[in-house]
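Reading through the structure tokens given below for one structure.
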Amino acid sequence: MAGERVMELVRELHRATGGHLPPFRTEGLRQALEEMRALYERNQADVSEAKSGRTDLIFLIRFRHCCLLRNQRCLLAYLYDRLLRIRALRWEYGSVLPNTIQFHMSAEEVEWFNRYKKSLATYMRSVGGEEGLDLTQDIKPPKSLYIEVRCLRDHGEFEIDDGTTILLKKNSQHFLPRWKCEQLIRQGVLEHILS
């Protein structure tokens with residue numbers, strides 16, 4: 001039946017729940033495209049005959065055309081859903097994907113992932129001042145805007161938004177705004193004390 005190969009691709013992707021990325025089916029995609037090419041060629045031959053007076057072929061031509069459109073929508077849905085899953089993997093795993101996941105991707109998908117990664121990095125550098133803004137740091141909203149931190153080494157005076165100056169000495173603990181501490185935590189000056 002027309003469209004079975006492409007529907008199997010969509011079903012397989014639908015069965016992979018939880019954002020899991022199933023292996024890219026190159027052979028299934030090739031077979032679906034071959035089926036579409038065959039339908040198109042048969043339609044072209046029948047259109048030529050229909051122009052010469054065989055009106056009984058019009059319904060068959062329309063049916064094949066609908067099959068072609070359906071296959072096209074299914075293939076695009078398959079490819080688009082895979083790209084959405086790959087984009088989500090960037091936010092989940094960071095800029096380097098595990099080999100087990102890359103093994104399931106086509107070469108074009110790996111290339112798309114690398115371009116998306118570079119585009120995201122460029123955007124993050126362009127916003128947020130000199131250091132940029134790391135959008136991947138807090139995927140879930142923080143429960144509190146303030147965090148308790150411990151100073152790992154002497155840093156000197158540190159000014160927060162309201163003008164208060166705090167002396168950051170080794171082993172001192174402070175309750176500070178999260179966003180003001182993030183860079184110092186990355187630099188190894190402070191560590192977040194988990195309660």
Side-chain angles (χ1 to χ4, degrees), residues 1-129 132-142:
M1 183 176 159
E4 276 304 310
R5 290 182 180 99
V6 73
M7 276 308 297
E8 185 53 39
L9 292 173
V10 173
R11 279 190 209 107
E12 179 186 2
L13 200 57
H14 181 69
R15 285 190 295 261
T17 58
H20 172 71
L21 188 67
F24 187 79
R25 299 289 181 214
T26 306
E27 185 60 25
L29 189 67
R30 189 194 60 74
Q31 289 174 353
L33 289 172
E34 183 62 32
E35 178 183 292
M36 290 174 68
R37 188 185 61 75
L39 285 171
Y40 179 77
E41 287 174 355
R42 280 187 267 160
N43 252 11
Q44 287 299 97
D46 286 350
V47 164
S48 300
E49 288 187 37
K51 283 182 180 178
S52 63
R54 286 202 53 202
T55 57
D56 59 317
L57 294 175
I58 291 175
F59 293 109
L60 185 57
I61 293 169
R62 285 185 182 169
F63 174 73
R64 284 190 199 125
H65 184 71
C66 288
C67 289
L68 282 169
L69 292 176
R70 178 179 175 270
N71 284 359
Q72 179 186 20
R73 283 193 308 271
C74 289
L75 282 177
L76 289 174
Y78 173 77
L79 295 171
Y80 182 68
D81 190 76
R82 286 187 62 86
L83 288 182
L84 290 179
R85 290 176 191 226
I86 292 168
R87 184 177 70 182
L89 290 172
R90 165 59 180 95
W91 292 91
E92 183 178 342
Y93 289 101
S95 61
V96 179
L97 291 177
N99 288 336
T100 55
I101 292 176
Q102 283 189 8
F103 181 72
H104 290 237
M105 295 167 58
S106 70
E108 291 80 10
E109 288 174 331
V110 170
E111 181 184 333
W112 184 88
F113 176 79
N114 289 331
R115 283 194 319 235
Y116 178 71
K117 175 176 66 174
K118 287 177 185 174
S119 177
L120 182 62
T122 302
Y123 175 73
M124 289 191 299
R125 278 192 306 271
S126 72
V127 295
L133 177 65
D134 188 3
L135 297 174
T136 61
Q137 187 164 3
D138 288 322
I139 299 298
K140 295 179 182 171

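Basis for what follows: all heavy atoms, side chains included, without hydrogens, waters or symmetry-related copies.
Interatomic distance, S48 OG to L57 CG, rounded to the nearest 0.5 Å: 10.5 Å. Note: E34 CD to L29 CG = 12.0 Å, rounded to the nearest 0.5 Å. Once rounded to the nearest 0.5 Å, the distance linking SG of C74 with CZ of R5 reads 14.0 Å. In this structure, CG in L9 is found 8.5 Å from CG in L13, a value given to the nearest 0.5 Å. The CD atom of E108 sits 11.0 Å away from atom CG of L83, with the distance rounded to the nearest 0.5 Å. Here the CG atom belonging to N71 is positioned 5.0 Å from the CD atom belonging to E35, to the nearest 0.5 angstrom.
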Query - Residues H14, D81; criterion side chain to side chain contact (heavy atoms under 4.5 Å, CB included); working and verdict - result: CA-CA 9 Å; H14 181 69; D81 190 76; over 6 Å; no
Requested in this report: Kindly determine whether L76 and R73 satisfy side chain to side chain contact (heavy atoms under 4.5 Å, CB included), including the steps that lead there.
Outcome: CA-CA 5 Å; L76 289 174; R73 283 193 308 271; 5.9 Å; no
Report task. Any chance you could lay out the side chain to side chain contact (heavy atoms under 4.5 Å, CB included) test for R70 and H65, step after step, and finish with the verdict? Result -> CA-CA 9 Å; R70 178 179 175 270; H65 184 71; over 6 Å; no
Report task. Show your reasoning for whether side chain to side chain contact (heavy atoms under 4.5 Å, CB included) applies to M36 and L75. Result -> CA-CA 11 Å; M36 290 174 68; L75 282 177; 3.6 Å; yes
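No side-chain heavy atom of L68 sits less than 4.5 Å from a side-chain heavy atom of R64. Under the 4.5 Å side-chain criterion, counting only non-hydrogen atoms from C-beta, K117 is in contact with N114.
Nearest heavy-atom pair, G94 versus F113, reported as atom, atom and distance to 0.1 Å: O-CZ, 3.9 Å. When all heavy atoms are compared, the tightest approach of L39 to C67 is CD1-CB, 4.0 Å. Among all heavy-atom pairs drawn from M105 and L97, the shortest one is SD-CD1, 3.8 Å. Considering all non-hydrogen atoms of both residues, A16 and R85 come closest at O-NH1, 2.8 Å.
With sequence neighbours left out, the side-chain hydrogen bond (donor to acceptor under 3.5 Å, both in side chains) criterion links R54 to E49, D56. Shown here are the side-chain hydrogen bond (donor to acceptor under 3.5 Å, both in side chains) partners of Q44, two or more places apart in sequence or in another chain: there are none. Remark: Q72 engages no residue in a side-chain hydrogen bond (donor to acceptor under 3.5 Å, both in side chains) (not counting sequence neighbours). Residues forming a ring pair (Phe, Tyr, Trp, His ring centres under 6.0 Å) with Y116 (at least two apart in sequence, or on another chain): W112.
Counting only residues at least two apart or in different chains, salt bridge (charged side-chain N to carboxylate O under 4.0 Å, His left out) contacts with residues 16-30 comprise E12-R25, E27-R30. Among residues at least two apart or in separate chains, there is no salt bridge (charged side-chain N to carboxylate O under 4.0 Å, His left out) pair with a member in residues 92-104.
A donor-acceptor pair is defined here as one N or O able to donate and one able to accept, closer than 3.5 Å; no such pair exists between the side chain of E41 and the backbone of A38. Here the side chain of R82 pairs no donor or acceptor atom with the backbone of L21 at under 3.5 angstrom. Here the side chain of S119 pairs no donor or acceptor atom with the backbone of R115 at under 3.5 angstrom. Counting only distance, with no hydrogens or angles, the side chain of N43 and the backbone of I61 share a donor-acceptor pair below 3.5 Å.
Salt-bridge annotation for D46 and R42: absent, with no side-chain N of the basic residue lying under 4.0 Å from a carboxylate O of the acidic one.
Taking the six-membered ring where tryptophan is involved, the planes of F24 and Y78 are tilted, since the angle between them lies from 30° to 60°.
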